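Have a look at the structure below, then the notes.
When reading the values below, keep in mind they use all heavy atoms of this one structure, side chains included, and skip hydrogens, waters and symmetry mates. We count ligands from 1, going down the list as the structure has it; atoms in each ligand are counted the same way. Residues take their numbers from the sequence shown, with the count starting at 1. Keep in mind that what you see is a predicted model, and the values were worked out from it rather than measured.
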Amino acid sequence: MEKAYLMHGGDYNPDQWLDMPEILETDIERFREAKINTVSLGIFSWAKLEPREGVYELDWMERIINRLYENGISVILATPSGARPHWMADRYPEILRVNAMRQRSLFGGRHNHCLTSPVYREKVQRINTELVKRFGDHPAVKMWHISNEYGGECHCPLCQDAFRKWLREKYGTIDALNDAWCTAFWSHTYDSFEQVESPSPLGEESIMGLSLDWRRFVSDQTIDFMEREIDALRRAGNKKPATANLMYRFGGIDYYKQAEKFDIASWDSYPTWHREKEWETAQETAFWHDVIYGLKRKPFLLMESTPGATNWQEVSKLKKPGMLEAAALQSIAHGADGSMYFQLRKSRGAEEKFHGAVIDHYDGRDTRTFQEVCAAGNMLELVGEVAGSHKEAKAAVLYDWENCWAMEGAKGPRNEGLHYQESVEKSHRALRRLGLNVDVIDQRCPLDGYRFVAAPMQYLFREGFSEKVRRYVENGGTFVLTYWSGVVDENDRCFLGGRPHGLMDVFGLRAEEIDGLYDWEENRICRKNDDAVKELGADRDCAAEGQRAEGVVRGDGRKDGYACKYLCELVKPTTAETLMVYGEDFYAGMPALLRNVFGKGRAYYVCADAEQAFYDDLYEKLVREAGIERIFDGQIPEGVEVSERTKDGASYVFIQNFNRHRVQVALPEGSVLYGRADGCLEPLEGVVIRKN
Ligand code: GAL
Ligand code: ZN
């Protein structure tokens, strides 16, 4: 068996340099020095691989793969569907995308093929087949990189037909569709499936059921496209794993569904480092690492990250010394089995010539970036034994794609700035700060095994979700649900009979109204004047029940209680106990935080979009109450990330300082694989310990 190692490398485009063969040799030399062991090859090479229709020229690629292999470098081989040759678009315009205004694109750009076009699907499957036949058994090829960052949508006639077919399969009859979409509203009833058109500013945008199904269809169609690509590889004899590089919430694909179809999850991470607080960016990045890990609950790959500045963000900020290594280590801490870059060598012209790369136009090894890459290579080698280890979590945060689509589409309590993403991240952050591994899961994932689950803003309840939550709480789990939850079903139809639908007894309350606040407005969440929540917000005591807290300013100038913004829900408790109350407005004194004991568990309900400190304090108490063990007992200073991976009884603890100042941490007992053993961490420094 191959020794466990972490991948280090990135996107490599030697096809841009075929007329300068010495470049490949220089690159290989650099790769070896930087301990680069893997390259992603051929992502945008189609025009070189099939210069004329049906004429495949793969010799150049074979030469490159062989040279890499001779030098101990592995290949993640790409299918080239992310961009296509000119001849194809000229001969088959149906492969070009049509936008919502029903305009067909010209040739150009990338990531913009029709998702349905039988011609495009066939062309892709053919080239994929050729690639497997030639390289599938090559010992250098370890994995397949399917396309590149799938995303976007196409409104062409072929896609319209496919959408209608998808709807027919889903609903059977047009009456069922009309019912599900509530089309009686404004007399928008459909007489037949043929009348259905995708949402468009020129036509229908007022039926949320349509918009939601369109998004599901686009997601399904993209996943189907990917599946056909993988299938073509398999039919040609491929036995190696496939991955598709994901990109934040780019393109609206339901990643949890997509993940069922590939073998290994991977993503492209482009944080805007060096803003005000480094550790806030680190936490945002941590959130996405945890999303990607959660897709398969298996080690993933950081497929792309920039070695220097990007050239597409608002400002092309250089990575300060140490940042590259810290970002690489952070991905490993969260469950990556490799940390890779875009790109290994800078292209000479066109759109990305100023994008950061391991090897610069200058070519030499004495660049700051190259030295940083070498340092990261060393680090990845030192911690190589963690490859294949898992990330176990007792706490989870729910983040659901369909819920997100539905909320964004609905005209509701705030039409700009619902802050769903932020509210999920606040819960994630509060748990991470306690030194816990956290899974990010969707409504379909099982809850067994978790002791604490936070579910912010679950506006849409998928079929079966409320029953799952009920069972989870009944069996002793702690569940936190927030405002604007259990409002609609999977067709964006409001539940009748009160919300949160199906869970009013579990949470012991009924949510009645929700107040959208102006951006400048703020309310407060204050301690009720009794002993129920002694610990939570003890130093933030404010208005007595029913009393207005307006203008209550403490000696230190801070207003009492916790600030809340954007959305304040008003609920009527039945069996729930009110723990905290609103401090201001006509609902001052009404419940803002409630707890209901249900079965063996506890159900908490948060009524408003509270500031981070609220979640930090609340979750600290709830995690303690739920008896969840932290990764280690030491005090974790603000801005320090702690994670753990486990394998065959071994446990690896990662501690990283994302502050701009030095911190001192009491390290757990064990052997230090990487970093200093004295617990003193300079800015961006990290340490990895194998616990005894
Ligand atoms: C990624 C993309 C790469 C490259 C990179 C630049 O999103 O997959 O091909 O364009 O961005 O940052
Ligand atoms: Zn199309």
Counting only heavy atoms closer than 4.0 Å, does ligand 1 sit against the backbone of [X], its side chain, both, or neither?
X: Asn148; result: side chain
X: Asp268; result: side chain
X: Gln313; result: neither
X: Glu352; result: side chain

Pairing of [X] and [Y] as salt bridge, 4.0 angstrom limit:
X: Lys346; Y: Asp360; value: yes
X: Asp224; Y: Arg121; value: yes
X: Lys320; Y: Glu372; value: no

Considering only protein heavy atoms, which is closest to [atom], and at what distance to one decimal place?
atom: atom 2 (C) of ligand 1; answer: Glu304 OE1, 3.3 Å
atom: atom 7 (O) of ligand 1; answer: Glu149 OE2, 2.6 Å
atom: atom 6 (C) of ligand 1; answer: His355 NE2, 3.2 Å
atom: atom 5 (C) of ligand 1; answer: Tyr270 OH, 3.4 Å
atom: atom 9 (O) of ligand 1; answer: Arg110 NH1, 2.8 Å

Tell me yes or no: between the side chains of Gln421 and Tyr399, is some donor less than 3.5 Å from an acceptor? yes
Sub-6.0 Å ring centroid separation between His289 and Phe300: yes
State, to the nearest 10 degrees, the angle whose vertex is the Zn ion (ligand 2) and whose arms point to SG of Cys156 and SG of Cys114. 110°
Donor-acceptor check, side chain of Arg345 to backbone of Ile359, threshold 3.5 angstrom: yes or no? no
Decide side-chain hydrogen bond (donor to acceptor under 3.5 Å, both in side chains) for Glu381 and Tyr5; before the verdict, give the C-alpha distance in whole Å, the side-chain angles of both, and the deciding distance to 0.1 Å. CA-CA 7 Å; Glu381 196 173 80; Tyr5 72 97; over 6 Å; no
Lys/Arg cation over aromatic Trp87: Arg52, 6.0 Å, 45° cone: no
Kindly determine whether Asn99 and His155 satisfy side-chain hydrogen bond (donor to acceptor under 3.5 Å, both in side chains), including the steps that lead there. CA-CA 6 Å; Asn99 66 18; His155 297 255; over 6 Å; no
Suppose we only count N/O/S atoms under 2.8 Å; would Cys159 qualify as near the Zn ion (ligand 2)? yes
With a 4.0 Å cut-off on heavy atoms, is Gln343 in contact with ligand 1? no
Close N or O approach (Asp11, ligand 1; < 3.5 Å): no
